[in-house]
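Inspection log for the structure reproduced underneath, given as structure tokens.
Bear in mind the structure is a predicted one, so any value in this text is a computation, not a measurement.
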Amino acid sequence: FFLFPGEPAPYDPTFNGPINKRGCTDIICCILFMAVILGYMAVGILAWLYGDPRHVLYARNSTGWYCGTGPNKDKPNLFYFDILKCATSINIMATALNGLQCPTTQVCVESCPSTFWAVGLKAFSEEDKAKVFNQSLCVPSINLENTKFVGHIIVSFMGLLIAMVVSLLFLLLLRFTAPVLVWVLILGVLGVGAYGIWHCYWEYDNHKQMSASINDIGFTTNFSVYLQVQETWLAFLIIISVVEAILILTLIFLRTRILIAIALIQESSKAVSHIMSALLYPVVTFVLLLICVAYWGATALYPFNLASSDYPGCPSARCIFIKYDDESLLQKNLFNLQIYNAVAFLWCVNFVIALGQCTLAGAFASYYWAFNKPDDIPMFPVSGGFIRSLRYHVGSLAFGSLILTLVQIVRILLEYIDHKTREAQNPVARFILCCMKCCLWCLEKFIKFLNRNAYIMIAIYGKNFCVSAKNAFSLLMRNVVRVVVLDKVTDLLLFFGKLLVVGGVGVLSFFFFSGRIPLPGSTFRSETLNYYWMPIITVVFGSYLIALGFFSVYSMCVDTLFLCFLEDLERNDGSLQKPYFMSKNLMKILSKSNKAPKRDKR
């Protein structure tokens, strides 16, 4: 691919955007994905039928009754009578994992006692006694009914609404402000470098006059000492000057490509303004991801506990709780089922993200290949892209997300191995594991990049995953410099946008929740908050998610229009038979033009 990136796509007179006449792709992978989904549903049904999440949410006393629910609803805490019996054998967590009860009397109590006592501490040292007494002897259950909120929820929603409005305005105004923002940010980076050069020279000159040299210091572990010698600042001066010179030369030689990137960003803003429904699609993705997370959490939370001690029909019946059942077929395969749950969850999450990318790619591609914009843009482009993706390309999306899932599973296994063997590792083993984790991280990033562009080609041409990935990668390799420039310029703008949205909303929420900006006519005061940083963190996190959702749509739009732009350059030449579909601004930058002033609708 790198040495032989392939030939440009031939001209197709019948092509005018995302192909409607297409067939199903990667059918085998589609069948496999459906089979995994059916198996996932079966695992969930087994968990709901035979599982009991109460022993995860609630503590149990010695007779097997739950604390904080049922007869012990008013007694949510579990009191261990002699905690030393747990501490001398196995700790409580290990005991619970093994399915055994701590060998001491356990009672559900309304509140934890303020005075603790113990017997038989003679065998322990004073340090061990302190450790035992420092451990809590009273374990609280999770109280799901305690949902007391303060009045800051409304204000938090106001902050999230502001984040949504600011994100939308930022994206829509990029068609006018993108050139100014890009050049201001680029000149800002160069200005920071120029200041660094001046400061390093100033420090070097001062230390040179004081005759401070590195020969007078020698080698020391106190690195702050090196800042007092002239050679250190001379090295900094040379490094920053070289970097600054490289940036300036890069800016000079790539100025045309930077202008192309700015024009594509402006065109993307126009596309978003014409397809406003695309900004609502992150809500669909969020809901689907929420369903995946909720299903995974519920399935993981419902361990297959077949040993229940409650008898609602006979309140006087009691039994001594010893351990959970571990002899049944379900219990013996519990670990395998949880692994299946995790793998299927990762695959579903990646599939949902892939579905969103392919849907948005289809919508924005229909915008680019509309010759007379916006008249030739099809009705409901987002719905059309979504329907095409689900009807024809579930197999291709599942194929790409499966590859990504396998890489993520290997990364998780490697992290698990690293965590379990960390104490026994020598420097060589740590270095090898670090290199492997770094390589897998890079591989995951590359797979995400490849999948993203493959989904764009799938949305446009309707080919299978492998062909689409090959065509997309070949196209990008034939224009690798443009790819790098556009990617960095877009990242710079979107980073600035996220910083503006999240930082601005975070500062406003801080001034409000800390009481520095009271609302006119409002009785709300920051003193009513037990901990005002919590709503601030909530608003900031929510603002980040909102900005991420809006900007992910915009980023997908930029990538889609970029691939369409490259295809346009290779397919067409501006003649009457093969006119360009790009904007007039892009044609002006490239010194190209169409001989046909306008084209009939197709």
Residue [X] excluded, over 12 heavy atoms near [atom1] under 6.0 Å:
{"X": "I28", "atom1": "CD1", "answer": "no"}
{"X": "W441", "atom1": "CH2", "answer": "no"}
{"X": "K584", "atom1": "NZ", "answer": "no"}
{"X": "F236", "atom1": "CZ", "answer": "no"}

Hey, are the side chains of [X] and [Y] touching, using non-hydrogen atoms and a 4.5 Å cut-off?
{"X": "I412", "Y": "L346", "answer": "yes"}
{"X": "Y295", "Y": "Y40", "answer": "yes"}
{"X": "Y544", "Y": "L548", "answer": "yes"}
{"X": "Y461", "Y": "N471", "answer": "no"}
{"X": "R22", "Y": "H393", "answer": "yes"}
{"X": "C557", "Y": "L561", "answer": "yes"}
{"X": "I353", "Y": "V349", "answer": "yes"}
{"X": "C466", "Y": "F399", "answer": "yes"}

If only atom types and distance count, is the side chain of [X] paired as donor or acceptor with the main-chain N or O of [Y] below 3.5 Å?
{"X": "Y204", "Y": "H199", "value": "no"}
{"X": "S552", "Y": "G549", "value": "yes"}
{"X": "S273", "Y": "K270", "value": "yes"}
{"X": "S401", "Y": "A398", "value": "yes"}
{"X": "Y367", "Y": "V272", "value": "no"}
{"X": "R571", "Y": "D568", "value": "no"}
{"X": "K373", "Y": "A370", "value": "yes"}

State, to 0.1 Å, how close [X] and [Y] come at their nearest heavy-atom pair, and which atoms those are.
{"X": "L190", "Y": "E244", "result": "O-OE2, 2.7 Å"}
{"X": "R388", "Y": "P18", "result": "NH2-CB, 3.9 Å"}
{"X": "I197", "Y": "L237", "result": "O-CD1, 3.4 Å"}
{"X": "S269", "Y": "Y554", "result": "N-CE1, 3.7 Å"}
{"X": "I460", "Y": "C564", "result": "CD1-SG, 3.7 Å"}
{"X": "V382", "Y": "S277", "result": "CG2-OG, 3.4 Å"}

Less than 3.5 Å apart, any donor N or O on the side chain of [X] or [Y] sitting next to an acceptor on the other?
{"X": "S575", "Y": "D573", "result": "yes"}
{"X": "N572", "Y": "Q577", "result": "no"}
{"X": "S396", "Y": "N464", "result": "no"}
{"X": "R452", "Y": "T560", "result": "no"}

Review point. Given the rule in the side chain to side chain contact (heavy atoms under 4.5 Å, CB included) test, do F465 and L397 qualify, once you have shown the distances and angles that lead to the verdict?
Key: CA-CA 8 Å; F465 177 81; L397 302 181; over 6 Å; no
Check your understanding: Can you list the steps and then say if F170 with F551 is a ring pair (Phe, Tyr, Trp, His ring centres under 6.0 Å)?
Key -> CA-CA 10 Å; F170 181 83; F551 292 173; 5.7 Å; yes
Review point. Hey, mind stepping through Q357 and D559 against side-chain hydrogen bond (donor to acceptor under 3.5 Å, both in side chains) and telling me if it holds?
Key: CA-CA 10 Å; Q357 292 175 345; D559 291 344; over 6 Å; no
Review point. With under 30° as parallel and over 60° as perpendicular, where do the rings of W202 and W198 fit, or are they tilted in between?
Key: parallel
Less than 6.0 angstrom separating the ring centers of [X] and [Y], yes or no?
{"X": "F581", "Y": "F371", "value": "yes"}
{"X": "F565", "Y": "Y368", "value": "no"}
{"X": "F345", "Y": "W296", "value": "yes"}

Exercise for review: Any chance you could measure L402, atom CG, to I409, atom CD1, to the nearest 0.5 Å?
Suggested key: 8.0 Å
